[in-house]
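Numbering of ligands and ligand atoms starts at 1, following listing order. Residues: numbered from 1 along the sequence shown. Note that this is a predicted model, so its numbers are computed, not measured.
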Amino acid sequence: MKIIMLGAPGAGKGTQAKMLADKYAIPHISTGDIFRANIKNGTELGKKAKEYMDQGLLVPDELTCDLVVDRVKQEDCKNGYILDGFPRTIPQAECLDAALTEMGEKIDFAVNVEVPDENIVNRMSGRRACVACGATYHIVHIPTKVEGICDRCGKELILRDDDKPETVTKRLNVYHEQTQPLIEYYTKKGVLVEVDGTKDMNDVFNAIVEILGK
Ligand code: AMP
């Protein structure tokens, strides 16, 4: 099953993507995670991506598309995958479609996790990420066992620069301008499904599984 997760930054699509990847035993491919890993490792891609990410802007399509197309061609993707945070623009969606058509494949579902803007800023200021392994938490909704410490690897948690309120507002504007048009794009392709992302994360998960199939 090939799934795309859509939704505003902070809608919880990353959390759902990880849960779905576990359930369906397919890779979770997050472009945000790939960029952050590159930043951490000090690669050329990481240096370029950081300039945009820190400002709440999208990394240019030409740095993003090939990365994902190469990834979905790997062996572990043959039974499907979940794309989280990609595509984020119409050109990215077109680039993915062109690559899939060439491979004789197609996207099965684009899941839009809907959350109104007013909920987003509050949610994101409570988000915490592990400096070491990238695991994400929320001080209210997904707390760690020990405050400020990653459950998975025991390292320190931080509020990412791109989750700070001023950056979040900018990211929401970018989302509405550049990413929201994808909802219509995937509706026209007949693969869009919508779920209410304001609910508890397990309810959201169950609603998605209900549609995608057990
Ligand atoms: P995320 O973890 O998905 O919220 O992504 C964090 C940041 O990485 C975004 O605000 C963008 O700057 C960048 N990014 C992630 N995915 C993409 C993408 N598909 N296209 C452009 N920029 C991206």
Side-chain angles (χ1 to χ4, degrees), residues 2-18 20-21 27-41 43-72 81-100 107 110-113 115 117 119-121 123-131 133-138 142 157-183 185-186 197:
K2 299 181 187 69
I3 305 166
I4 287 172
M5 300 302 292
L6 295 174
K13 61 184 184 314
T15 306
Q16 295 300 328
K18 283 179 204 151
L20 292 166
H28 166 219
I29 303 172
S30 154
T31 40
D33 284 352
I34 296 173
F35 289 136
R36 281 185 288 277
N38 275 273
I39 292 173
K40 201 170 141 214
N41 295 330
T43 68
E44 270 315 303
L45 173 66
K47 281 178 203 151
K48 285 188 195 146
K50 189 173 181 350
E51 285 173 32
Y52 298 92
M53 289 169 76
D54 284 351
Q55 295 181 65
L57 299 172
L58 294 185
V59 177
D61 292 340
E62 57 272 24
L63 295 180
T64 312
C65 288
D66 294 349
L67 191 86
V68 176
V69 168
D70 287 347
R71 180 67 188 88
V72 300
Y81 43 80
I82 302 189
L83 294 178
D84 165 17
F86 181 95
R88 257 180 160 101
T89 64
I90 296 280
Q92 288 182 13
E94 289 170 346
C95 152
L96 176 66
D97 273 346
L100 289 176
I107 291 298
V111 180
N112 182 31
V113 182
V115 176
D117 281 10
N119 300 23
I120 299 273
V121 179
R123 274 192 184 198
M124 287 178 78
S125 58
R127 215 145 92 151
R128 295 292 179 273
C130 175
V131 282
C133 74
T136 49
Y137 302 92
H138 190 281
I142 318 171
L157 301 182
I158 53 154
L159 175 64
R160 284 182 352 209
D161 279 344
D162 58 349
D163 287 342
K164 293 189 172 146
E166 57 281 15
T167 319
V168 171
T169 309
K170 183 114 151 256
R171 290 175 69 192
L172 276 174
N173 291 338
V174 168
Y175 167 76
H176 289 300
E177 276 169 28
Q178 302 193 56
T179 307
Q180 212 170 11
L182 292 175
I183 293 174
Y185 182 93
Y186 287 110

>> I'd like to know if the side chain of Thr89 and the backbone of Gln178 have a donor-acceptor N/O pair within less than 3.5 Å.
In response: no
>> Do Val115 and Arg123 make a side-chain contact, defined as non-hydrogen atoms from C-beta onward lying under 4.5 Å apart?
In response: yes
> If we only count heavy atoms from C-beta on, is the Leu83 to Leu96 side-chain gap below 4.5 Å?
Replying inline: yes
Would you mind listing each N/O atom of ligand 1 next to any protein N/O under 3.5 Å, plus the distance?
from, atom 1, to, atom 2, distance (Å)
ligand 1, 2 (O), Arg36, NH1, 3.0
ligand 1, 2 (O), Arg36, NH2, 2.9
ligand 1, 3 (O), Arg88, NH1, 3.1
ligand 1, 3 (O), Arg88, NH2, 3.2
ligand 1, 4 (O), Arg88, NH2, 3.2
ligand 1, 4 (O), Arg171, NH2, 2.7
ligand 1, 10 (O), Arg171, NE, 3.4
ligand 1, 12 (O), Leu57, O, 2.6
ligand 1, 16 (N), Thr31, OG1, 2.7
ligand 1, 16 (N), Gly85, O, 3.3
ligand 1, 16 (N), Arg88, NH1, 2.9
ligand 1, 19 (N), Gly85, O, 2.8
ligand 1, 19 (N), Gln92, OE1, 3.0
ligand 1, 20 (N), Gln92, NE2, 2.8
ligand 1, 22 (N), Val59, N, 3.0

>> Checking side-chain contact (heavy atoms from CB on, under 4.5 Å) between Cys95 and each of Asp61, Val68, Val69, which is the one that passes?
In response: Val69
> With sequence neighbours left out, which residue pairs that include part of residues 161-170 fulfil the side chain to side chain donor-acceptor pair (under 3.5 Å) condition?
Replying inline: Arg127-Asp163, Arg160-Asp162, Asp161-Lys164, Asp163-Arg171
>> Between His176 and Asp117, does the side chain to side chain donor-acceptor pair (under 3.5 Å) criterion hold? Intermediate values first, please.
In response: CA-CA 10 Å; His176 289 300; Asp117 281 10; 2.8 Å; yes
